[in-house]
Number of protein chains: 2
Amino acid sequence: MAIGDVECCECTEVHEDKVKLLSGQMPGEDELCDLAELFKVFGDSTRIRILFALFRSEICVCDLAELLQMTQSAVSHQLRILKQARLVKSRREGKQVYYFLADDHVRTIIDQGLDHIQE
Amino acid sequence: MAIGDVECCECTEVHEDKVKLLSGQMPGEDELCDLAELFKVFGDSTRIRILFALFRSEICVCDLAELLQMTQSAVSHQLRILKQARLVKSRREGKQVYYFLADDHVRTIIDQGLDHIQE
DNA sequence: TAAACATATGATTATTTGTTCATATGTATA
DNA sequence: TATACATATGAACAAATAATCATATGTTTA
């Protein structure tokens, strides 16, 4: 179907009013994309494992690599993504950099996710 | 580094005890993957838009396509993913199939996500 | 039962993304 | 200041994935 053809089928008029109403209530494009980007960050088991580790305490990069049995580089790349999403923060102590959870949203979101899959 | 080389660097012994402790507390592989898979489903703006629409009321596939200005096929593919993740359910009414939210975890998770990005 | 409508789905393609490798940056210490 | 250590990052490659197209399935009605 060509772009610009509004209807995907013939049933458009069935709930035209409902669609119009909903259309006005949808969040803006920016907000939707930001939200999807945020959840994308949770959508990788390496990053989930990092977040679980940080539930207990802050931890430095090489300990994380050891814990997850991954290269320092791979862990560092993922930490960068977590940091850009403001899910973790870091502090330097000498040669080492310690990462920790940025706030409690992380716990809540993961807890809700656990609730869901355990149902 | 070859697989089997445990250390990524020389600092392993610095927090060896911490790593061991954490290692015993990490969730199982299955749980971690299920969780990541779940959040992957939230990590797409099309699916987020579908979920937002379902916040208001159940809605049929072609109305969703109209609302999102997408093809029926694309919407249907995404609904399948949402359904496999048990985030939505459906019921047939005549020729049309209505989708609706499976439970309240969806709202909670998205609300927490919104909280986070709006900070 | 045939035709029209609504939805589902397999195959293909373009894009995104996680890991690896090599290397750069930053910090401490001899 | 030279060296070693800890972390960060760019490029490349393989794997995952969202939209499209064509078509199949399921339902209603003439």
Side-chain angles (χ1 to χ4, degrees), chain A residues 1-3 5 7-15 19 32-33 36-37 39-50 58-85 88-99, chain B residues 1-3 5 7-15 19 32-33 36-37 39-50 58-85 88-99:
Chain A
M1 185 179 303
I3 295 174
D5 282 353
E7 76 286 358
C8 72
C9 57
E10 305 306 325
C11 76
T12 299
E13 50 183 311
V14 176
H15 308 105
V19 171
L32 287 165
C33 284
E37 288 305 311
F39 287 122
K40 236 175 248 181
V41 175
F42 287 93
D44 173 80
S45 63
T46 293
R47 290 189 292 265
I48 290 277
R49 288 200 294 161
I50 292 175
E58 64 175 17
I59 185 168
C60 69
V61 180
C62 75
D63 280 350
L64 261 179
E66 161 81 5
L67 175 66
L68 307 184
Q69 292 287 291
M70 294 179 63
T71 64
Q72 174 270 319
S73 178
V75 171
S76 211
H77 275 297
Q78 297 310 323
L79 284 169
R80 184 165 178 270
I81 291 172
L82 288 166
K83 199 170 182 181
Q84 285 178 330
V88 307
K89 295 179 180 175
S90 64
R91 67 180 181 84
R92 181 176 277 278
E93 186 173 312
K95 280 183 286 193
Q96 306 185 338
V97 176
Y98 287 82
Y99 281 81
Chain B
M1 182 179 301
I3 294 176
D5 282 354
E7 76 284 359
C8 72
C9 57
E10 306 306 325
C11 76
T12 297
E13 52 183 307
V14 177
H15 306 106
V19 171
L32 288 165
C33 285
E37 289 304 311
F39 286 122
K40 234 175 250 182
V41 176
F42 287 93
D44 174 80
S45 62
T46 292
R47 290 189 292 264
I48 290 278
R49 288 200 294 159
I50 291 175
E58 64 174 16
I59 185 168
C60 68
V61 181
C62 76
D63 280 350
L64 261 178
E66 160 83 4
L67 174 66
L68 307 184
Q69 291 287 292
M70 294 179 62
T71 64
Q72 173 269 321
S73 178
V75 171
S76 210
H77 276 296
Q78 297 312 320
L79 284 170
R80 184 165 177 269
I81 292 172
L82 288 167
K83 198 170 181 181
Q84 283 177 333
V88 306
K89 294 180 180 174
S90 64
R91 67 179 181 86
R92 180 177 277 276
E93 187 175 312
K95 280 183 285 192
Q96 305 185 339
V97 176
Y98 286 81
Y99 282 81

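Lettering of chains follows the sequences in order, A, B, ..., and the numbering in each one begins at 1. What you are looking at is a predicted structure, and each value in this text was computed from that prediction instead of being measured. The figures that follow rest on heavy atoms only: side chains count, while hydrogens, waters and symmetry mates do not.
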- Message: Under 4.0 Å from OP1 or OP2 of dA8(C): is there any side-chain N or O of Tyr99(B) that close?
- Response: yes
- Between CZ of Arg80(B) and P of dT17(D) the distance, given in whole Å, is 13 Å
- Whole Å only: how far is the CD atom of Gln84(A) from the C1' atom of dA8(D)? 12 Å
- Message: In the structure I gave you, are the side-chain heavy atoms of Ile59(A) and Ile50(A) within less than 4.5 Å of one another anywhere?
- Response: no
- Query: So, for Ala36(B) and Ser45(A), which heavy atoms are closest and what is the spacing to 0.1 Å?
  - Reply: CB-N, 3.5 Å
- For Arg47(B), the side-chain hydrogen bond (donor to acceptor under 3.5 Å, both in side chains) test, sequence neighbours excluded, returns Gln78(B)
- Query: So, is Ser76(B) near the phosphate of dT7(C), with a side-chain N or O under 4.0 Å from OP1 or OP2?
  - Reply: no
- Item | side-chain contact (heavy atoms from CB on, under 4.5 Å) partners of Lys95(B), counting only residues at least two apart | none
- Using a 4.0 Å heavy-atom cut-off, write out nucleotides 22-30 of chain D from 5' to 3' as B (base contacted by protein), S (sugar-phosphate only) or - (no contact). B----BS--
- Distance, rounded to the nearest Å, where Ile50(A) contributes CD1 and dT7(D) contributes C1': 14 Å
- Between CG of Leu82(A) and P of dT9(D) the distance, given in whole Å, is 14 Å
- Message: Please convert DNA chain C into dot-bracket. A pair counts if it is Watson-Crick or G-U wobble with both distances under 3.5 Å; crossing pairs go in [ ] and bases paired with another strand get |.
- Response: ||||||||||||||||||||||||||||||
- Can you check the Arg91(A) CZ to dT7(D) P distance for me, whole Å? 12 Å
- List in chain and number order the residues that pass side-chain hydrogen bond (donor to acceptor under 3.5 Å, both in side chains) with Glu58(A), two or more places apart in sequence or in another chain; answer none if no residue qualifies. Arg91(A)
- His15(B) NE2 - dA6(D) P separation (whole Å): 11 Å
- Message: Output the rounded distance in Å from NZ (Lys83(B)) to C1' (dA8(C)).
- Response: 10 Å
Report each atom pair, protein N/O against N/O of nucleotides 16-18 of chain C, whose distance is under 3.5 angstrom.
residue: dG18(C); atom: OP1; partner: Arg47(A); partner atom: NH1; Å: 3.4
residue: dG18(C); atom: OP1; partner: Arg47(A); partner atom: NH2; Å: 2.8
residue: dG18(C); atom: OP2; partner: Arg47(A); partner atom: NH1; Å: 3.3

- Task: Please examine the side chains of Gln96(B) and Arg92(B), heavy atoms only from C-beta on, and report whether any two atoms are closer than 4.5 Å.
- Result: no
- Lys83(B): what forms a side-chain hydrogen bond (donor to acceptor under 3.5 Å, both in side chains) with it, not counting sequence neighbours? Ser90(B)
- Item | Whole-Å distance separating the CG atom of Asp63(A) from the P atom of dC5(D) | 16 Å
- Note on the structure: Applying side-chain contact (heavy atoms from CB on, under 4.5 Å) to Ser76(B) and not counting sequence neighbours gives Gln72(B)
- Side-chain heavy atoms of Leu79(A) within contact of Val75(A), under 4.5 Å: yes
- Task: Return yes if the base of dT20(D) and the side-chain atoms of His77(B) contain a donor-acceptor N/O pair under 3.5 Å, otherwise no.
- Result: yes
- Looking at residues at least two apart in the chain, or sitting in another chain, which of them share a ring-ring contact (aromatic ring centres under 6.0 Å, His included) with Phe39(A)? Phe42(B)
- Note on the structure: For Glu37(B), the side-chain contact (heavy atoms from CB on, under 4.5 Å) test, sequence neighbours excluded, returns Lys40(B)
